[in-house]
Amino acid sequence: MKKKIFAVLLLSLIFSGCSSAPEETNKKVGSVSSLKESQEMKQEESTEAAKEEKVKPAKVGEYVEGDVWRISLLDAKQYDSIDDEYYTEKPEVEGNKFVVLFFEVENISDTDDYFNMFYIESYIDGYSSSTKYLINKPENYESLTGDVAAGRKLKGYVAYEVEPNWKEIEFSYKNWIANSNKIATFSVTPDDITE
């Protein structure tokens with residue numbers, strides 16, 4: 001008898017749990033607007049998005065400032081080869097040139113941070129391109145990467161091997177390697193090259 005009562009109670013619990021629907025509560029999702037208001041809001045949003053997308057890249061002599069970094073493009077130079085006392089570094093492809101961008105980055109936050117060369121995204125004439133690590137130090141600059149204490153600065157270079165008829169180099173710094181959130185973008189053309 002006890003087994004029958006237990007079985008009936010168990011079955012009633014199972015069936016009552018399956019048949020009852022969870023209680024729904026009203027939640028505020030958003031406000032209702034008229035068709036005209038909705039169209040005006042969409043137009044404002046697209047205008048704002050277009051403004052953000054059309055931000056002009058900075059040029060030589062300019063800087064871009066964010067929450068953590070102030071990144072300044074100090075200079076851009078082109079070389080047939082980069083010489084030092086012991087070694088001459090030449091482009092891998094004969095006739096190509098080196099274009100070297102010289103930067104200063106300042107940590108404007110209140111915590112130490114690392115300026116990571118792997119967060120750089122580059123395009124030469126619209127094609128994705130890798131930076132070139134040089135053994136020699138152009139203009140006595142090190143590669144642009146390293147620890148930067150709060151309120152301190154780092155100078156460094158970013159180099160590219162380019163064809164002699166290149167038109168534009170686009171350099172961007174992202175806030176993480178795995179996303180596309182660019183915090184600074186610079187554009188360099190042959191007209192920006194100094195001797």
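All values below were derived from every heavy atom in this structure, side-chain atoms included, with hydrogens, water molecules and symmetry-related copies excluded.
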Less than 4.5 Å apart, side chain to side chain, heavy atoms only: is that true for E170 and T185?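 With C-beta onward as the side chain, the pair touches.
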Within-4.5 Å side-chain heavy-atom neighbours: D112 and D147: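 The answer is no; the side chains never approach within 4.5 Å.
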Could you state whether [X] and [Y] fall into the same hydrophobic cluster, counting links through intermediate Ile, Leu, Val, Met, Phe, Trp or Tyr residues with side-chain heavy atoms under 4.5 angstrom apart?
X    : Y    : value
L74  : V60  : no
F115 : M117 : yes
V162 : V100 : no
Y63  : I71  : no
I120 : V64  : yes

Please find the pair of heavy atoms, one from V188 and one from W166, that lie closest to each other, and give the distance.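 Nearest pair, atom of V188 first, then W166: O-CZ3, 3.4 Å.
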Would you say the side-chain atoms of E62 and S72 include a donor-acceptor pair closer than 3.5 Å?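 Not at all, the side chains of E62 and S72 share no donor-acceptor pair under 3.5 Å.
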Just jot down the salt bridge (charged side-chain N to carboxylate O under 4.0 Å, His left out) partners of K59, sequence neighbours excluded, or say none.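 Only D192 meet the salt bridge (charged side-chain N to carboxylate O under 4.0 Å, His left out) criterion with K59.
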Mind checking what makes side chain to side chain contact (heavy atoms under 4.5 Å, CB included) contact with [X], not counting sequence neighbours?
X    : answer
N96  : P91, V93, E161, E163, P164
S128 : Y123
V68  : N107, S109, D113

Can you list the residues that meet the side chain to side chain donor-acceptor pair (under 3.5 Å) rule with [X], with sequence neighbours excluded?
X    : answer
E104 : none
S122 : Y160
T145 : Y114
E94  : none

Any chance you could pull the hydrophobic cluster mates of I108, using side-chain heavy atoms under 4.5 angstrom and chaining through other members?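 Hydrophobic cluster check, I108: no partners found.
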Can you tell me which residue pairs pass the ring-ring contact (aromatic ring centres under 6.0 Å, His included) test with a partner in residues 83-105, sequence neighbours excluded?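 Every pair satisfying ring-ring contact (aromatic ring centres under 6.0 Å, His included) with a residue in residues 83-105: F102-Y141, F103-F171, F103-F186.
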Enumerate the salt bridge (Lys or Arg N to Asp or Glu O under 4.0 Å) contacts for residues 70-89, please, sequence neighbours excluded, ordered by first and then second residue.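 Matches after skipping sequence neighbours: E65-R70, R70-E106, K77-E139, D80-K97.
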Report yes or no: does K167 contribute a side-chain atom to a donor-acceptor pair with the main-chain N or O of N165 at less than 3.5 Å?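 Yes; judged by distance alone, with no hydrogens or angles, the pair exists.
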Hey, is the main chain of I82 close enough, under 3.5 Å, to the side chain of N136 for a donor-acceptor pair?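 At least one qualifying donor-acceptor pair exists.
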Please round to the nearest 0.5 Å and tell me the distance separating atom OG1 of T189 and atom CG of D125.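 One gets 10.5 Å once the value is rounded to the nearest 0.5 Å.
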Distance check, rounded to the nearest 0.5 Å: L144 atom CG versus N116 atom CG?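 CG of N116 is found 10.5 Å from CG of L144.
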For residues 148-159, please give each side-chain donor-acceptor pair under 3.5 Å, one per line with the distance, not counting sequence neighbours.
| residue | atom | partner | partner atom | Å |
| --- | --- | --- | --- | --- |
| Y157 | OH | L134 | N | 3.0 |
| Y157 | OH | L134 | O | 3.2 |

Quick check: are there more than 12 heavy atoms from other residues, nucleotides or ligands sitting under 6.0 Å from CG of D67?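 Incorrect, the count does not exceed 12.
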